[in-house]
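Quick notes on the structure that follows.
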Amino acid sequence: MSAFKSQFLNIMAERGFYNQCTNETGFDDYLYGCEKSGTPAVGYLGSDPTGDSLHVGHIVPLMMMRWFQKCGHKPLTLVGGATARIGDPSGKDKLRPFLSEETLAENIKGLKKSFGKFLKFGTGAHDAVMVDNWDWFKNINYLAFLRDIGTYYSVNRMLTMESVKSRLDREQPMSFLEFNYMLLQGYDFCELYQKYGCRAQIAGSDQWGNITSGTELGRRKYDVELFGFTSPIITDSNGKKMGKSEGNAVWINDEKLPSYDYYQYFRNIGDAEVGKCLRIYTDLPMDEVRRLEALKDKEINEAKKILAFEATKICRGEEEARAAQATAVQVFEQGTAGGELPSIEISSIEGLHAIDAFLQLGFVASKGEARRLIKQAGLKINDKAITDENYKFSAADVVNGQIKLSQGKKKHGLIKTV
RNA sequence: GGAGGGGUGGCAGAGCGGUCAAAUGCAACGGACUGUAAAUCCGUCGACUUCGGUCUACGAAAGUUCAAAUCUUUCCCCCUCCA
């Protein structure tokens with residue numbers, strides 16, 4: 001329980017966030033010193049703006065930063081405006097497509113929003129701060145960089161790094177551009193150390209190579225010990241990464257994914273994952289987590305509801321979480337329609353093809369798919385399977401001003417008449 | 001620059017003149033069973049369709065042929081080895 005002196009590391013270990021640390025006792029001592037004296041330790045989490053929102057797969061390090069802040073430390077969030085222009089080769093087979101300036105700017109905005117859900121930003125001592133590595137890379141001189149930084153890197157060593165090695169082993173192309181990625185991330189760490197006194201980097205375990213790049217550079221160039229701390233990659237029982245639902249990513253930003261869907265993602269977690277998810281995706285105290293994960297069979301559904309609610313609350317706010325939960329109860333427990341379901345509005349439903357309505361809701365990708373699903377009894381109107389693929393709506397289908405459409409057992413939506 | 005190998009559906013990977021909308025596996029989706037779980041079983045998986053078909057697809061373009069993912073030419077891209 002109290003294997004560590006610092007509160008932060010104890011929490012990390014207990015909740016399943018701890019994977020690897022560059023120097024466990026050193027980091028522990030450092031944090032403990034800060035916690036005792038009330039001066040915040042500074043740590044950073046980096047993320048490249050390659051998309052306009054983070055998704056569930058990114059939550060693990062975000063939650064680590066959240067706890068870091070709760071333990072009285074100061075989180076820095078770095079968006080990789082510069083590094084996104086390079087592309088992190090870790091875990092990838094191909095060079096990323098280049099992003100336009102406009103996309104980058106949009107993505108950075110999206111990332112800020114995502115970060116804001118989990119961390120408190122501001123100007124206080126413990127408030128999170130957002131930085132962009134474009135600020136220090138945009139004007140860097142190539143020769144100066146090679147001489148100041150390049151001298152500290154050994155190509156022999158770089159070639160053994162997982163991100164490089166795996167690419168070479170698989171005979172996938174790796175450009176010199178990508179090869180340099182780790183130097184940039186290493187430089188970031190040192191830059192943050194100099195500017196903010198940042199001595200810790202927190203990330204997923206796939207970043208290990210990039211992190212050690214920074215800690216080694218720090219030791220060689222600035223003679224300072226920097227710490228790297230990683231989480232395990234969280235997978236479901238099939239060994240797949242978390243964060244995909246129906247083939248789509250579960251986004252953190254609300255304009256990318258309704259809160260109801262976000263809630264449902266956690267509601268539908270597998271039994272085996274409940275304990276793990278409660279620890280990682282909620283702030284619930286450990287006593288409560290242990291009680292909930294001990295539940296068996298049907299009772300475990302209660303734990304899943306709490307998990308879904310708590311996880312949604314952090315990311316979308318309490319109100320949204322309640323609304324999502326209420327809708328879920330109406331739809332699944334009472335078999336009626338809930339207000340948070342996706343819906344389309346239409347002035348007259350007379351003569352509207354059922355297939356077109358499903359298409360508009362995005363429940364089917366094509367008319368052919370809709371026809372197929374009808375044959376398989378997979379599409380329902382007001383909970384009754386459609387049998388005629390040419391079915392057109394009539395006034396008789398409208399109940400309380402709306403028609404409930406369902407695809408399979410999980411996807412439900414509404415047509416509202418206005 | 002030289003010599004070989006290769007680019008096929010979301011991914012992996014067969015096919016190498018017609019029977020190819022393209023084997024197989026994974027992923028995904030629907031149904032049954034359940035607990036909005038897992039596992040299992042059955043089914044589906046390019047688009048449009050008046051369900052007879054029509055159209056678009058095997059890196060790009062041109063060509064040979066009654067017929068091309070399959071043959072030829074050019075171009076683009078990738079890999080390996082050599083310089």
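We name chains A, B, ... by the order of the sequence lines, and we start the count at 1 in each one.
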Please list, pair by pair, any protein nitrogen or oxygen found under 3.5 Å from a nitrogen or oxygen in nucleotides 55-58 of chain B.
none

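For the pair A/Lys409 NZ and B/rU36 C1', the interatomic distance rounds to 10 Å; values are reported in whole Å. Across the protein-nucleic acid pair, A/Glu299 atom CD and B/rA37 atom P stand 18 Å apart, rounded to whole Å. Between A/Glu333 atom CD and B/rU34 atom P the separation is 19 Å, expressed in whole Å. As a whole-Å value, the separation of A/Arg267 CZ from B/rA37 C1' is 9 Å. For A/Gln264 and B/rU36, the CD to P distance is 11 Å, given to the nearest whole Å. Between the NZ atom of A/Lys304 and the C1' atom of B/rU34 there is a distance of 11 Å, given to the nearest Å. Between A/Asp383 atom CG and B/rG31 atom P there is a gap of 12 Å when expressed in whole angstrom units. When the C1' atom of B/rA28 is taken as reference, atom NZ of A/Lys410 falls 14 Å away, rounded to whole Å.
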Base-contact (B) and sugar-phosphate-only (S) positions in nucleotides 41-49 of chain B, heavy-atom cut-off under 4.0 Å, - elsewhere
--BSS-SSB
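Evaluated for a side chain to side chain contact (heavy atoms under 4.5 Å, CB included) with A/Arg267, the options A/Lys305, A/Gln325, A/Lys410 yield exactly one hit, A/Lys305.
Between A/Phe358 and A/Leu379, the closest side-chain pair of non-hydrogen atoms falls below 4.5 Å.
Judged purely by atom type and a 3.5 angstrom limit, A/Arg219 has no side-chain atom pairing as donor or acceptor with the backbone of A/Thr215. Side chain of A/Asn253 to main chain of A/Leu54: no donor-acceptor pair is present (N/O by atom type, distance under 3.5 Å, no hydrogens or angles). A distance-only check finds a donor-acceptor pair linking the side chain of A/Asp397 to the backbone of A/Ser394 [under 3.5 Å]. A/Arg199 contributes no side-chain N or O that, together with a main-chain N or O of A/Gly43, makes up a donor-acceptor pair within less than 3.5 Å. Side chain of A/Lys416 to backbone of A/Ser343: no donor-acceptor contact under 3.5 angstrom is found. The backbone N or O of A/Gly214 sits nowhere less than 3.5 Å from a side-chain atom of A/Gln185 that would complete a donor-acceptor pair. With hydrogens and angles disregarded, a donor-acceptor distance shorter than 3.5 Å links the side chain of A/Ser213 to the backbone of A/Met182.
When the nucleotides B/rC29, B/rC51, B/rG35 are ranked by their closest atom to the side chain of A/Glu389, B/rC51 comes out on top.
Residue contacts for A/Leu379: at a heavy-atom cut-off of 4.0 Å it reaches no nucleic acid atom on any strand shown. Within 4.0 Å of A/Lys375, counting heavy atoms only, lies no atom of the nucleic acid at all. Residue A/Lys305 is classed as having no contact, given no heavy-atom separation below 4.0 Å to the nucleic acid.
Considering all non-hydrogen atoms of both residues, A/Phe227 and A/Phe189 come closest at O-CZ, 3.4 Å.
B/rC76 and B/rA14 have their P atoms separated by 27 Å, with the value rounded to a whole Å. Taking atom C1' in both B/rC55 and B/rU49, one finds a spacing of 10 Å when rounded to whole Å. Look at the P atom in both B/rC79 and B/rC66: the space between them is 41 Å, to the nearest Å. Annotation: B/rG59 and B/rG13 have their P atoms spaced 15 Å apart (nearest Å). Comparing the C1' positions of B/rC75 and B/rC81 gives a spacing of 25 Å, expressed to the nearest Å. Across the P atoms, B/rC33 and B/rA22 are found 32 Å apart, a figure rounded to whole Å. Here the separation of B/rA23 from B/rG31, taken at their C1' atoms, is 26 Å to the nearest Å. Rounded to whole Å, the C1' atom of B/rC71 lies 12 Å from the corresponding atom of B/rA67.
One side chain, A/Asn133 or A/Asp188, offers a donor N or O that lies under 3.5 Å from an acceptor on the other.
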Check against side-chain contact (heavy atoms from CB on, under 4.5 Å), A/Ile59 and A/Arg66:
CA-CA 10 Å; A/Ile59 290 186; A/Arg66 186 179 168 90; over 6 Å; no
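More than 12 heavy atoms of other residues, nucleotides or ligands shown are found within 6.0 angstrom of NZ on A/Lys117.
Residue A/Gln407 has a polar side-chain atom (N or O) positioned under 4.0 Å from OP1 or OP2 of B/rG30.
Where A/Asn390 and A/Asp297 meet RNA chain B, the nucleotide closest to each residue was compared, and A/Asp297 sits on the side nearer the 5' end. Along RNA chain B, the nucleotide closest to A/Ala377 and the one closest to A/Ile300 are compared, and the more 5′ of them pairs with A/Ala377.
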Pairing string of RNA chain B (Watson-Crick or G-U wobble, both atom distances under 3.5 Å; | = paired to other strand) is ((((((((.[[[..)..(.....]]].(((((.......))))).(((....)))...[[[[[..)....]]]]]))))))).
